[in-house]
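This report refers to the structure that appears directly beneath it.
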Amino acid sequence: MYTITLDEVNSTNLYAKENLNSMPDKTVIIAKRQSAGRGRLSRTWIDLGGENLFMSIILKPSSDFLPEYANLTQYLSVVLCRVLDEYGLTPCIKWPNDVQINGGKIAGILSETAMQGNLFKGIVLGIGVNVNAKKDDLKQIKDRAATALNIELDREYEDKKLFTEKLLNKFFENYDEFLKQGFKSIRDEYLKRTNFLGKAISVQLFNRTETGIGKSINDKGELILMNKDKELILTMGDIYYE
Ligand code: BTN
């Protein structure tokens, strides 16, 4: 693993994709500031200052895309929860990969697949973590309740470098096993860490919203939603509580 640190970039994911061919497997790109952070479902990721984490990991596990790679975001959400546990916090996962503490989103994860024509070139796994934010600045995030590590710990400042090291070490600790086994290897833990099972939820998909009771997550990391007596299997989307 080797790390590139940039002072400022539009998006670490975009930078990683643009430079992917010249960068080896497991290159980590960290930017101090990010002016046009990309989020899931065409959203943006707001930069709340240089003491927050904006990072992308370039992964080139094989020359073909394997289905397991689609669950890397969920793997990273579990890894992040393990790190936050070490800080004495109680994080939980909102499917597919939002990590929340006390109802506030602390991190966002976005994976992008790099292709050259039909050829699979690699994965860019991006994560933004609010490590140090001011309560007032969190108000800039309008779509969701948000939080930050320092706020949850009731501290002025948290060491971003230490946090990043912990996150990367934990990520690579079980990465090979995850690649072999896929979502199955984390499913039990993922289920324990979720907060929406058995609850009435609505799930916003690209072009429609589905409502029902969150029933489970299958072996592929998909959400099983019970809509009356119909079982819907959802691959992507965003959960809202009823
Ligand atoms: C989301 O919750 O919508 C995902 C947000 C992902 C943000 C991170 S910040 C580092 C990396 N670079 C980006 O442009 N996006 C991801």
Side-chain angles (χ1 to χ4, degrees), residues 1 3-20 23 26-59 69-81 83-84 91-101 103-114 122-133 137-138 140-149 160-161 163-164 167-168 171 193-196 203-206 221 223 234-240:
M1 178 184 102
T3 306
I4 297 174
T5 307
L6 306 167
D7 278 334
E8 184 168 348
V9 72
N10 47 8
S11 148
T12 55
N13 266 33
L14 203 59
Y15 181 92
K17 283 209 293 185
E18 281 169 1
N19 295 283
L20 190 113
M23 292 183 177
K26 299 181 184 170
T27 301
V28 175
I29 292 145
I30 295 176
K32 289 190 188 137
R33 304 302 304 258
Q34 184 174 252
S35 56
R38 293 144 75 100
R40 285 178 63 236
L41 308 172
S42 316
R43 285 194 295 248
T44 56
W45 185 257
I46 298 176
D47 178 335
L48 295 175
E51 291 303 327
N52 294 289
L53 177 64
F54 312 106
M55 175 169 86
S56 298
I57 311 173
I58 291 180
L59 299 168
Y69 306 163
N71 301 103
L72 274 163
T73 57
Q74 286 165 313
Y75 170 62
L76 182 53
S77 69
V78 167
V79 168
L80 174 60
C81 287
V83 174
L84 294 169
C92 60
I93 300 175
K94 188 161 79 67
W95 181 84
N97 54 49
D98 276 357
V99 175
Q100 297 180 324
I101 303 179
K105 176 162 160 167
I106 190 165
I109 298 172
L110 174 71
S111 159
E112 299 188 68
T113 306
I123 305 222
V124 173
L125 185 57
I127 179 166
V129 185
N130 301 332
V131 180
N132 287 289
D137 288 346
L138 287 177
Q140 290 174 47
I141 302 167
K142 298 253 178 344
D143 54 340
R144 286 301 160 87
T147 191
L149 185 60
K160 177 173 87 162
K161 193 161 170 275
F163 174 84
T164 309
L167 187 65
L168 286 169
F171 179 81
R193 291 186 183 277
T194 56
N195 59 358
F196 55 85
V203 186
Q204 196 187 317
L205 311 173
F206 277 121
L223 170 66
L234 306 178
T235 324
M236 221 191 243
D238 226 352
I239 293 184
Y240 290 86

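The structure presented is a predicted model; accordingly, all values stated were derived computationally and were not measured. Remember, it's 1-based here, ligands and their atoms both numbered in the order they're listed.
A donor-acceptor contact shorter than 3.5 Å is absent between the side chain of E112 and the backbone of K17. The backbone N or O of F171 lies less than 3.5 Å from a partner atom in the side chain of Y75, making a donor-acceptor pair. Under a 3.5 Å cut-off, the side chain of S11 and the backbone N or O of N13 do form a donor-acceptor pair. Here the side chain of N52 pairs a donor or acceptor atom with the backbone of L48 at under 3.5 angstrom. In terms of modelled atom types and a separation under 3.5 Å, the side chain of K105 and the main chain of D98 share no donor-acceptor contact.
Within the 4.0 Å heavy-atom criterion, neither part of L41 lies near ligand 1. Contacts between I109 and ligand 1, counted as non-hydrogen atom pairs separated by less than 4.0 Å, involve the backbone only.
Q34 NE2, 3.4 Å is the protein heavy atom nearest to atom 9 (S) of ligand 1. In this structure, the protein non-hydrogen atom closest to atom 15 (N) of ligand 1 is R38 O, 2.8 Å. Protein heavy atom nearest atom 8 (C) of ligand 1, with residue, atom name and distance: G128 N, 3.5 Å. K105 NZ, 2.6 Å is the protein heavy atom nearest to atom 2 (O) of ligand 1. Scanning all protein heavy atoms for the shortest distance to atom 1 (C) of ligand 1 gives R40 N, 3.5 Å.
Interatomic distance, I58 CD1 to I123 CD1, rounded to the nearest 0.5 Å: 11.5 Å. Between E51 atom CD and K32 atom NZ the span is 9.5 Å, to the nearest 0.5 Å.
Set against the non-hydrogen atoms of S11, the atoms of ligand 1 under 4.0 Å away are 12 (N), 13 (C), 14 (O). Residue G39 has at least one heavy-atom neighbour below 4.0 Å for each of these atoms of ligand 1: 1 (C), 3 (O), 4 (C), 5 (C). Taking a cut-off of under 4.0 Å to the non-hydrogen atoms of G37, the atoms of ligand 1 that pass are 14 (O). If you number the atoms of ligand 1 from 1 as listed, the ones under 4.0 Å from a heavy atom of M55 come out as 10 (C), 11 (C).
The 12-atom threshold is not exceeded at CE of M236, counting heavy atoms of other residues, nucleotides or ligands nearer than 6.0 Å.
Selection from T12, D98, V9, L125 by nearest heavy atom to atom 11 (C) of ligand 1 gives T12.
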